[in-house]
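Quick notes on the structure that follows.
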Amino acid sequence: MNFVDVLLKRGFAVVVLVHSEEEGEQLQSLGAVTVRYIQEMAFRNQLPPEFVVKNAFVFENSLPQCCQDIELCRSLCPQQLYVVSSNRAPVGLVYKGLGATYVIHSRSGDVSFLL
């Protein structure tokens, strides 16, 4: 939520893929956010043509879910894919093997420095 808020304040167009309606409602409360549901995107395997995605950020909640999200994002946007992990286990090689360009370890989840 914080990262999306920073992107919006800096004038970036934001598309957020979410797993649940609750997540979608929380993000839509921030304002000009386009929300798409991961289940919907997994079947289409593409974003609508009006979206040109240069960078994707995956915030790790669990290893299996993050792996699925990386594979989906890699199929949608072949450019830069960042994974933000608070996991202390050495999962970076797993994520890189799935197509992550960068794996960033952050306990706070604050990656605004990437902008």
Side-chain angles (χ1 to χ4, degrees):
M1 292 274 296
N2 293 335
F3 187 62
V4 171
D5 193 40
V6 169
L7 289 170
L8 291 172
K9 286 179 180 172
R10 294 199 182 173
F12 289 95
V14 178
V15 177
V16 181
L17 301 179
V18 297
H19 289 273
S20 70
E21 284 188 34
E22 182 181 331
E23 283 178 312
E25 290 170 3
Q26 288 174 347
L27 286 158
Q28 285 178 329
S29 72
L30 293 175
V33 177
T34 301
V35 173
R36 295 286 186 259
Y37 293 93
I38 286 184
Q39 298 83 355
E40 166 189 316
M41 300 311 300
F43 292 119
R44 276 200 230 155
N45 207 25
Q46 65 181 20
L47 283 168
E50 66 267 18
F51 296 113
V52 176
V53 179
K54 294 182 182 178
N55 298 297
F57 298 87
V58 173
F59 289 83
E60 176 191 60
N61 289 325
S62 71
L63 178 65
Q65 183 179 7
C66 189
C67 291
Q68 290 174 346
D69 293 350
I70 291 169
E71 288 178 331
L72 176 63
C73 287
R74 180 52 63 202
S75 71
L76 296 173
C77 56
Q79 294 186 9
Q80 302 293 319
L81 176 60
Y82 300 83
V83 175
V84 180
S85 172
S86 60
N87 195 339
R88 291 184 181 195
V91 294
L93 291 176
V94 172
Y95 295 154
K96 286 219 173 218
L98 290 170
T101 311
Y102 301 102
V103 178
I104 298 146
H105 296 278
S106 171
R107 290 188 185 167
S108 69
D110 179 17
V111 290
S112 56
F113 64 88
L114 292 172
L115 301 177

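In this text the structure is predicted, and so the values were computed from the model without any measurement.
At a threshold of 4.5 Å between non-hydrogen side-chain atoms, the residues Arg74 and Leu98 do not count as touching. Side-chain contact check for Tyr95 versus Leu63: some heavy-atom pair is nearer than 4.5 Å. Looking at Asp69 and Leu17, their side chains never come closer than 4.5 Å, going by heavy atoms from C-beta outward. By the 4.5 Å heavy-atom criterion applied to side chains, Ser85 and Phe59 are not counted as neighbours.
Rounding to the nearest 0.5 Å places CG of Leu30 at 9.0 Å from CG of Asn2. Note that CD1 of Ile70 is 8.5 Å distant from CD of Glu60, once rounded to the nearest 0.5 Å. To the nearest 0.5 Å, atom NZ of residue Lys96 and atom OH of residue Tyr102 are 7.5 Å apart.
Counting only residues at least two apart or on different chains, the salt bridge (charged side-chain N to carboxylate O under 4.0 Å, His left out) pairs with a member in residues 8-34 are Asp5-Lys9.
Shown here for Cys66 and Val83, the closest heavy-atom pair between the two residues is SG-CG1, 3.8 Å. Here the closest non-hydrogen pair linking Cys67 and Val94 is SG-CG1, 4.1 Å. Here the closest heavy-atom approach between residue Gln26 and residue Met1 is recorded as O-CE, 3.4 Å.
Take Asn55 and apply the side chain to side chain contact (heavy atoms under 4.5 Å, CB included) test, not counting sequence neighbours, and it matches Phe57, Gln80, Tyr82.
Panel note: side chain Thr101, backbone Leu81; a donor-acceptor pair is recorded below 3.5 Å.
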